[in-house]
Visitor: 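Just passing along the structure, written as structure tokens.
Computed over heavy atoms, backbone and side chain alike; hydrogens, waters and symmetry mates excluded. In listed order, ligands and their atoms are each counted from 1. Computed from a predicted structure; not experimentally measured. Heads up: numbering here begins at 1 and tracks the sequence.
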Amino acid sequence: MNNEIPYHPVAVATDFAEVVIPLALPLNYTWAIPEQLKAAAIVGCRVEVNLGKSKKYAGVIKRVHRTPPEFFEAKEIVNVLDAVPVVFESQLKLWEWMARYYMCTEGEVMAAALPAHFKLSSETILVFNEEAGDDFTELDTDAFLVAEALLLRKELKLAEVQQILESNHVYPVVNRLIQGKICYVWESLKESYNPKKETFVLLHPDYDHEQALEQLLNNDPRLQRAEKQMELLLGYLHFKKTEGTITKQALLKKTGASEAQLKGLADKGVLILEKRAVDRIRLLPKDIRINFELSAAQATALERIRSALKEKDVCLLHGVTSSGKTEIYIHLIEEQIRKGKQVLYMLPEIALTAQTIRRLQQHFGGHIGVYHSRFSQNERVEIWNKVRDGSLKVVLGARSSLFLPFHDLGMIVCDEEHDTSYKQMEPAPRYHARDAAIYFASLFSQCKVVLGSATPSFESYNNALNGKYGLVTLTERFGNMELPQIGVVDTRKFRTKEFADTILFPLLADSIRGSLGREKQVILFQNRRGYTPYQRCNSCGWVPQCKYCDVSLNYHKVYNKLVCHYCGTSYPLVVTCPACGSHDFIRKQFGTERVEEALQELFPGARVGRMDIDAVRGKHAHDQLIQNFEQRKLDILVGTQMVVKGLDFEHVELVGIVDADGILAFADFRVNERAFQLMEQVSGRAGRKHGAGKVLIQTAQPEHPVLLRVQRHEYRALFDDELPKREQFGYPPYTRLIRLIFKNKIRDVVRDAAAWFATGLQDRYGNYITGPSEPLINKVRNQYLMELLLKLPRSTRLIEQCKKDVLHHVALLHQEPRYKSVVVIPDVDTI
Ligand code: ADP
Ligand code: ZN
Ligand code: ZN
């Protein structure tokens with residue numbers, strides 16, 4: 001009996017397309033798909049669409065369906081731009097989730113996700129007016145020339161008009177043509193991605209078999225007399241045999257032949273010159289070479305991760321600095337490649353990717369590629385395509401690599417997961433790449449996430465302790481290296497005039513001298529945030545705090561007041577220290593440059609490098625500095641947070657933390673968590689390979705609880721100290737934070753708008769609102785700022801409702817004439 005169901009290839013209904021365009025539109029619009037584009041209009045493909053009268057965009061089809069829009073007549077899609085989709089369903093789902101979760105639009109996510117070269121730029125085109133006929137006798141010479149070309153070719157780009165006129169001044173001519181109704185102009189979209197082209201040398205197919213070739217070499221009269229050309233031809237045939245394809249440039253270089261000789265052979269139809277698109281991204285050969293053994297502790301950790309991931313989707317690897325977490329990831333990655341799956345390996349910082357890629361390429365060769373914002377737009381398109389077609393298995397990248405078109409993802413590694421650089425601050429989407437990665441992984445079957453850190457974020461650690469994530473700890477350094485000894489330099493001992501301008505106090509200075517003498521390297525850490533102005537007791541190190549928010553107060557120079565930038569409460573300056581009774585207060589700040597200067601005064605012979613945002617502009621500056629330090633071309637590296645992140649240097653013996661008080665005074669409820677992370681991480685750079693390392697911390701408050709924890713590397717104890725305070729004051733991980741930032745160029749307007757907004761939310765969310773308050777930096781690019789902080793209980797239903805209400809209130813706010821121009825920016829899970 002034949003009970004097979006007859007197969008009818010039914011065309012899918014594709015009458016309308018929901019298209020994401022790169023704008024901040026609250027909803028995606030719908031366009032009609034014209035008959036002739038129906039086959040091509042596939043989800044994930046880019047399309048050209050019109051919006052309004054003349055605006056054109058390249059959008060991405062999110063959905064095709066049969067429901068005509070209710071309130072307007074859909075315009076038709078102009079064109080489909082891709083033969084294969086640029087993104088898959090999972091990317092579109094990620095965009096949608098991100099927009100909803102982070103309170104922005106899918107268009108904004110798309111703008112961040114796609115390499116700029118997938119967006120189209122518009123171009124002016126002259127189109128011949130068929131009614132104009134071919135009588136151009138009325139026209140002046142310039143216009144005549146262009147009109148003739150138009151008659152012939154029907155369309156001209158502005159650049160082509162320029163070529164015809166041999167001049168850049170084309171507009172007057174174009175205007176005359178438009179007035180004479182010879183043409184009209186049209187805005188068109190053009191691709192901005194340019195493949196890189198190189199000329200290749202090929203043998204003409206006529207000679208591509210033995211007989212003909214022999215004939216050519218031995219009996220062809222055209223070559224008998226051309227000795228040099230014969231030489232070149234033989235050279236070419238040699239490379240063809242050994243290397244397959246060869247570029248013109250390489251051939252000429254290797255044979256020493258001239259352009260003219262090559263042209264001679266081409267003219268005779270022996271060789272062919274052909275321009276071909278080539279990869280900008282040259283990948284190494286693809287091989288897998290794991291040539292190291294895991295230590296017993298690493299092997300156990302690896303096994304535990306594997307078994308944790310059998311039950312859970314996420315596993316946190318809490319491994320002390322230099323425990324060899326990277327080596328464990330390498331094993332996990334290998335497994336995935338062998339299964340044919342893709343892996344995303346995220347790092348918080350571009351500086352780190354350069355060092356890590358060198359390590360990973362040794363093991364995975366061309367299976368692995370890099371992606372981050374310092375790549376050119378053309379390069380990004382090429383990596384994008386290699387991920388999409390699956391030829392690239394592993395991508396190492398900063399947060400934006402999450403948007404790449406993976407389609408068979410088996411694992412995401414999020415290294416240094418605690419790092420705040422994973423959160424995008426500006427512009428939208430203000431997403432946290434770690435959290436978004438966990439969502440993204442859930443879109444694939446069996447895709448697991450490994451979070452790694454020596455100092456996990458309290459959010460992740462809490463999730464691990466309560467069983468949501470697996471937890472694996474690695475407590476020893478690789479190679480039995482000790483964790484570094486951490487000492488404190490008590491700066492209160494140097495309060496005399498003699499040391500008034502001192503930055504590196506004697507004990508630290510002596511230790512630097514000692515390390516340099518032993519030809520060891522030194523890292524000095526000075527946090528950029530050290531610039532944050534605060535008031536501090538010079539005798540005991542006490543820093544004033546807000547009564548309501550458990551954060552340090554900021555010193556506002558303009559009002560000469562202390563202000564809490566969470567709740568807005570202001571306090572008079574403190575003149576007597578409540579802790580020790582001293583009247584001696586300071587507001588000392590200095591940055592990395594000043595430290596560099598001090599080093600040069602103290603150690604004129606030492607080679608000092610500085611690593612901060614100002615010093616490492618440019619694509620390779622970062623990596624150059626790191627390599628110089630690796631290769632010991634520098635003795636001392638001074639830097640901001642950049643130097644603390646996961647870098648692996650062999651010869652660093654001493655790490656100095658120049659101003660711990662500046663770190664500990666930072667006005668943020670996470671200050672202790674952050675301070676511990678910073679100091680533990682920066683300490684972790686010391687003594688990784690040869691002999692024990694040492695860390696010295698300069699501080700006026702040696703008994704500060706965080707410093708005591710840092711000295712004993714007591715992460716867990718710090719977590720236990722801090723969590724009850726988080727609960728008491730209603731901070732994460734017990735709540736979710738949404739910060740609302742208000743912007744306007746008139747200060748009173750923005751203040752009133754924030755107050756209006758807070759009042760509007762008062763009824764429902766009164767218990768959860770802090771502020772409005774003025775942030776420490778209250779004016780940015782001529783816009784005054786105000787902030788409102790929502791501390792919401794962790795109920796998904798309440799949070800979702802609150803997001804809706806906030807957006808609704810933004811709409812209401814904009815109904816008020818006075819507040820129409822106030823910009824409101826929500827920042828979900830603000831850090
Ligand atoms: P972490 O990321 O945990 O701070 P790394 O992965 O950078 O630590 O490892 C620290 C150092 O120890 C690196 O130089 C690394 O190459 C080396 N290392 C770690 N594990 C091994 C191993 N199993 N075999 C050889 N070298 C290792
Ligand atoms: Zn004091
Ligand atoms: Zn406060």
Visitor: Just by distance, no angles: are the side chains of Glu416 and Ser453 close enough, under 3.5 Å, to form a donor-acceptor pair?
Guide: no
Visitor: Between Asp661 and Arg536 (salt bridge meaning N to carboxylate O under 4.0 Å), is one present in this structure?
Guide: yes
Visitor: For ligand 1, which part of Thr321 has a heavy atom less than 4.0 Å away: the side chain, the backbone, both, or neither?
Guide: backbone
Visitor: Considering only heavy atoms, does Arg477 approach ligand 1 within less than 4.0 Å through its side chain, its backbone, both, or neither?
Guide: neither
Visitor: In terms of side-chain heavy atoms, does Arg434 have a donor or acceptor partner in Ser457 at a distance below 3.5 Å?
Guide: yes
Visitor: Are any of the N or O atoms of Arg685 closer than 3.5 Å to those of ligand 1?
Guide: no
Visitor: Determine, considering heavy atoms only, which of Phe292, Phe649, Phe478 sits nearest to atom 26 (N) of ligand 1.
Guide: Phe478
Visitor: Below 2.8 Å, which protein N, O or S atoms neighbour the Zn ion (ligand 3), ignoring water?
Guide: Cys546 SG, Cys549 SG, Cys564 SG, Cys567 SG
Visitor: Taking the Zn ion (ligand 2) as the vertex, what is the angle from SG of Cys577 to SG of Cys580, given to 10 degrees?
Guide: 110°
Visitor: So if I count the atoms of ligand 1 from 1 in the order they appear, which ones are less than 4.0 Å from some heavy atom of Glu293?
Guide: 22 (C), 23 (N), 24 (N)
Visitor: Is a side-chain donor or acceptor of Arg685 paired with a backbone partner of Gln681 at a separation under 3.5 angstrom?
Guide: yes
Visitor: So is Gly319 in contact with ligand 1, going by heavy-atom distances below 4.0 Å?
Guide: no
Visitor: Determine the minimum heavy-atom distance between Phe292 and Glu327, stating which atoms define it.
Guide: CE1-CG, 3.4 Å
Visitor: Looking from the Zn ion (ligand 2), what is the angle between SG on Cys537 and SG on Cys540, to the nearest 10°?
Guide: 110°
Visitor: For Phe494 and Phe499, take the angle between the two ring planes, folded into 0 to 90°, and tell me which bin it lands in: parallel under 30, tilted 30 to 60, perpendicular over 60.
Guide: perpendicular
Visitor: Ring-plane angle category for Tyr715 and Phe458, please: parallel below 30°, perpendicular beyond 60°, tilted otherwise.
Guide: perpendicular
Visitor: Do Arg477 and Ser323 have side-chain heavy atoms sitting under 4.5 Å apart?
Guide: no
Visitor: Would you say the side chains of Glu680 and Thr455 form a donor-acceptor pair under 3.5 Å?
Guide: no
Visitor: Applying side chain to side chain contact (heavy atoms under 4.5 Å, CB included), run through Phe525 and Val695 and close with a yes or a no.
Guide: CA-CA 11 Å; Phe525 173 65; Val695 179; over 6 Å; no
Visitor: Need the ligand 1 atom indices (1-based, order shown) with element for anything under 4.0 Å from a heavy-atom of Leu294.
Guide: 23 (N)
